[in-house]
Protein chains: 2
Amino acid sequence: MGRVRLQIKKIENRTYRHITFAKRKSGLVKKAYEISTLCDVEVALIIFSPAGKLILFDGKKRLDEILMHFIDLPHHQRAA
Amino acid sequence: MGRVRLQIKKIENRTYRHITFAKRKSGLVKKAYEISTLCDVEVALIIFSPAGKLILFDGKKRLDEILMHFIDLPHHQRAA
DNA sequence: TTCCCTATCTATAATTA
DNA sequence: TTAATTATAGATAGGGA
């Protein structure tokens, strides 16, 4: 979306890559929040920015609870 | 987006909620994949569907590595 | 359910300030 | 480099088969 269609491959220019990251990070967190709210589901989103900074969203339940839920799954159910 | 703007609150009708979940889940996973690829960053997305099924996306690195990265953070850096 | 369709709303790439 | 603006690509709500 935007003026031009982007190929989905690594953006080599560091500046553009960071700009795109900042924009899409916001969009992704927003959508994680929306699906969590609309559909009343547990969602955890963990991102490490290009600078190594953590971006975390956990809706409905805190991340540690979601991870416990994940860990409690029988191993064969962990595959998406 | 779509024919009508939705309020961001729980969709009470179970059927519509599940339909919306299925659509938005696809979109969210796609965008997680795209930011991970375009911006070359670690992303982990964990969702439990309304039926309790796990939806997992982990880009670039596997979830266990991303979680280790998370756990290794000093506690004060864990806040988003 | 489970795809399609498509009108319409959103996200965002490029641009400008 | 961070903040608007704008043009356009993309996502999706409601419907139909």
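We use all heavy atoms of the structure for the numbers below, so side chains are in, but hydrogens, waters and symmetry mates are not. Just so it is clear: chains get the letters A, B, ... in the order the sequence lines come, proteins before strands, and each one is counted from 1.
- Looking only at distances, no side-chain donor or acceptor of B:Ser36 sits under 3.5 Å from a matching main-chain atom of B:Ala32.
- Within residues 18-27 of chain A, the residues having any heavy atom under 4.0 Å from DNA chain C are, by residue number, A:Thr20, A:Lys23, A:Arg24, A:Gly27.
- A search for ring-ring contact (aromatic ring centres under 6.0 Å, His included) contacts involving B:Phe48 returns A:His69, not counting sequence neighbours.
- Salt bridge present: A:Glu34 and B:Arg24 bring a charged side-chain N and a carboxylate O closer than 4.0 Å.
- Two residues, A:Arg3 and B:Arg3, neighbour DNA chain C, and the one matched to the more 5' nucleotide by heavy-atom proximity is B:Arg3.
- Running 5' to 3' along DNA chain D, contacts with non-hydrogen atoms of chain B at under 4.0 Å begin and end at D:dA11 to D:dG14.
- A distance of 11.0 Å separates CG of A:Asp40 from CZ of B:Phe21, quoted to the nearest 0.5 Å.
- Within the model, atoms CD1 of A:Ile35 and CD1 of B:Ile47 stand 5.0 Å from one another, a figure rounded to the nearest 0.5 Å.
- With a cutoff of under 4.0 Å to any heavy atom of chain A, the contacted region of DNA chain C is bounded 5' to 3' by C:dA11 to C:dA14.
- Only B:Lys30, B:Lys31, listed by number, bring a heavy atom of residues 29-41 of chain B to less than 4.0 angstrom from any atom of DNA chain D.
- For the contact set between residues 4-15 of chain A and DNA chain C, defined by any heavy atom under 4.0 Å, the members are A:Val4, A:Leu6.
- In this structure, B:Leu73 CG and A:Lys53 NZ are separated by 11.0 Å, a value rounded to the nearest 0.5 Å.
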- [ ] Could you go through the salt bridge (charged side-chain N to carboxylate O under 4.0 Å, His left out) check for B:Glu42 and B:Lys60 one step at a time?
- [x] CA-CA 6 Å; B:Glu42 293 175 52; B:Lys60 196 168 187 279; 5.7 Å; no
